[in-house]
Amino acid sequence: MTGPLAPTPTLELLRAAAALCGPAAQRLFEVLAEGYPASLERRPGQLLRAADASAADLDGLLAAAGVASTDDLRLLAARESGLRLAEPDLRFTSRDPESEPRERSALRRMITAEEGNLRRTLADLQANGALELAAAVLLQARRRWVLGDLKSAGYASLLTSDLTSSMRDVFLVQPATGAAVNAISDAHPDDVLVVFSFRNYSRLTVDVAREFHALGASVIALTDSYTSPVCSFASHVLAVDTRSESPHHSPTAVAAAAHVLAALAAAGAKGAARRNRRRAELFRSLDSYGLGRPPSLADEAGGAGGAPDLPGSAAGIPGARASDPSGLPVVPDGGQPPAR
C-alpha cells in the first residue's frame with residue numbers, strides 16, 4: 001500500500017474550510033487527512049465516529065469547501081491522485097439469530113428499493129388516473145374522515161394535517177371502537193372516508209370502511225394490493241408499493257401518495273390559499289412559530305402565556321371542535337363527534 005500523498009488542492013481547501021468551521025470540523029479534517037485519499041474509502045459514519053463529530057459538522061465542512069457530498073469529494077481526490085478509490089462498504093448485518101446470510105443486505109440496496117417503490121407507485125397512480133379521481137371526490141365531499149390503525153395511524157395524521165390546511169370539515173378518526181362508532185353515527189352519504197390499510201390488515205379499518213360503504217359514502221383506500229380486504233368496500237383504490245428489505249412494510253411511497261393526494265385536493269379547493277394565509281397568521285399570533293426567538297415586548301405584555309387568547313379559541317368554550325396535541329381535528333373516543 002502506498003503512503004499518504006503530498007497535500008493536494010482539495011486537501012488544502014478542506015484544511016482552510018475546517019479552520020473556518022470550528023473544532024469539530026478540524027477534527028474531521030484530521031481524520032480525513034490521515035491516509036488521504038484512502039481515508040475516503042471509509043463510511044461517513046466511521047469518519048464521524050473517529051472525529052467525534054456529527055453529520056451537520058460534516059455537511060458544514062463540505063459546504064464551506066464547495067463540495068456537495070463525500071461521493072463528490074472521493075471523485076475529486078481520485079482525479080487528483082490518479083488512484084482508483086473504492087466506494088465505502090455500506091453493508092450491515094442483522095443481529096437476529098434466526099436471520100440467514102441471504103437476509104443480509106446493504107444500505108445502498110435498501111435506498112435503491114425505496115426509490116423504486118416511490119417511482120413505481122407515483123407512475124402507476126398517474127397512469128391510471130386514480131389520484132385525480134380521489135382528489136375530486138375529496139373536493140366534492142360534505143365532510144372528510146380519515147382513519148388509520150396500527151402503524152397507519154401516523155399516515156392518517158399526516159394526511160389530516162395536509163387536508164386541514166386547505167379545506168374545512170376534515171376529521172381524524174382515532175383508531176378506537178368508540179371513536180369509530182361516533183364517526184359512523186354522524187356520517188352522511190355525501191361524506192368521504194380515507195382509510196390506510198396495509199398488512200397485517202386492521203379489522204377495525206375494514207369494518208369502518210364497510211359501514212361507510214353501506215351508508216352510501218365514498219371510501220378511498222390507500223392499500224398495498226387490489227386484493228386487500230378493504231378494497232371490497234372502496235370506491236377508489238390507491239395501490240401503493242410497500243415492498244421492503246426490512247421485516248416491516250415501507251412507508252416511503254405511502255406518505256408520498258397521501259401528500260400528492262392532499263396537494264391535488266388543495267389545488268382545486270376554493271379559498272385554499274386564503275385559508276393557508278389565515279392559518280399562518282393565527283399560528284404566528286399564538287406564538288406557535290416562536291421557538292428560538294428572543295421574547296418581544298408583546299410577549300412580555302402577554303405574560304407567560306405568550307399571545308393573548310383569540311376570540312373563539314377552543315380553550316374553555318363549549319362546543320369547540322376537539323383536537324389532538326398536534327392541532328388536528330379529531331373524533332373523540334366517547335361523546336358526540338364534531339358537527340358540521
Side-chain angles (χ1 to χ4, degrees), residues 1-95 104-123 154 158 162 243-246 248 250-257 259-260 263 289-294:
M1 180 177 177
T2 60
L5 300 176
T8 66
T10 300
L11 193 60
E12 291 302 311
L13 192 61
L14 286 172
R15 185 194 307 275
L20 295 174
C21 293
Q26 291 174 356
R27 293 195 300 271
L28 271 171
F29 169 75
E30 292 171 2
V31 171
L32 287 169
E34 184 179 355
Y36 181 87
S39 58
L40 295 174
E41 295 180 341
R42 303 171 69 182
R43 295 194 305 271
Q46 292 175 318
L47 297 173
L48 295 177
R49 283 192 292 270
D52 190 21
S54 68
D57 297 324
L58 178 58
D59 288 341
L61 174 63
L62 295 177
V67 181
S69 66
T70 52
D71 288 338
D72 287 348
L73 180 61
R74 187 167 56 254
L75 291 175
L76 285 173
R79 188 179 302 121
E80 290 178 341
S81 63
L83 299 176
R84 182 178 178 180
L85 300 178
E87 292 189 2
D89 180 13
L90 298 179
R91 188 190 309 269
F92 69 89
T93 304
S94 172
R95 292 184 178 271
R104 298 173 181 175
S105 184
L107 179 59
R108 193 177 303 281
R109 183 173 149 194
M110 288 193 68
I111 293 173
T112 301
E114 296 301 322
E115 291 174 342
N117 284 350
L118 182 60
R119 183 175 58 255
R120 285 189 299 270
T121 296
L122 296 184
L158 287 172
D162 282 351
R243 285 175 287 186
S244 174
E245 297 287 337
S246 75
H248 313 288
S250 167
T252 305
V254 182
H259 175 69
V260 173
Y289 297 152
L291 185 62
R293 68 172 172 82

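Because the structure is predicted, anything quoted here is derived from the model rather than measured.
By the salt bridge (Lys or Arg N to Asp or Glu O under 4.0 Å) test, R49 is found to be paired with no residue, residues two or more places apart in sequence or in another chain being considered.
Judged purely by atom type and a 3.5 angstrom limit, N117 uses its side chain to pair as donor or acceptor with the backbone of R243.
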Give the table of side-chain donor-acceptor pairs shorter than 3.5 Å for residues 250-257, with sequence neighbours excluded, one pair per line with atom names and distance.
| from | atom 1 | to | atom 2 | distance (Å) |
| --- | --- | --- | --- | --- |
| S250 | OG | E114 | OE1 | 2.4 |
| S250 | OG | E114 | OE2 | 3.3 |
| S250 | OG | T252 | N | 3.4 |
| T252 | OG1 | E114 | OE1 | 2.5 |

Pairs under 3.5 angstrom only: tabulate donor-acceptor contacts from the side chains of residues 19-30 to other protein residues two or more places apart or in another chain.
| from | atom 1 | to | atom 2 | distance (Å) |
| --- | --- | --- | --- | --- |
| R27 | NE | A51 | O | 2.8 |
| R27 | NH2 | D52 | O | 3.0 |

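Considering CZ of R74 and CG of L76, their distance stands at 11.0 Å, rounded to 0.5 Å. Note that the CG atom of D57 and the CG atom of L62 stand 11.0 Å from one another [nearest 0.5 Å]. Taking CD from E115 and CZ from R120, the interatomic distance works out to 11.0 Å, rounded to the nearest 0.5 Å. Interatomic distance, L122 CG to H259 NE2, rounded to the nearest 0.5 Å: 10.5 Å. Taking CD from E34 and CG from L47, the interatomic distance works out to 11.0 Å, rounded to the nearest 0.5 Å.
Between T10 and E80, the closest heavy-atom pair is OG1-OE2, 2.6 Å. A65 approaches A17 most closely through the heavy-atom pair N-CB, 3.8 Å. Contact detail for L61 and L14: the closest heavy-atom pair is CD1-O, 3.8 Å. Listed here is the closest heavy atom pair of P44 and T70: CG-OG1, 4.0 Å.
Tested against S69 for a side-chain contact (heavy atoms from CB on, under 4.5 Å), the candidates V67, D72, L73 yield a single pass: D72.
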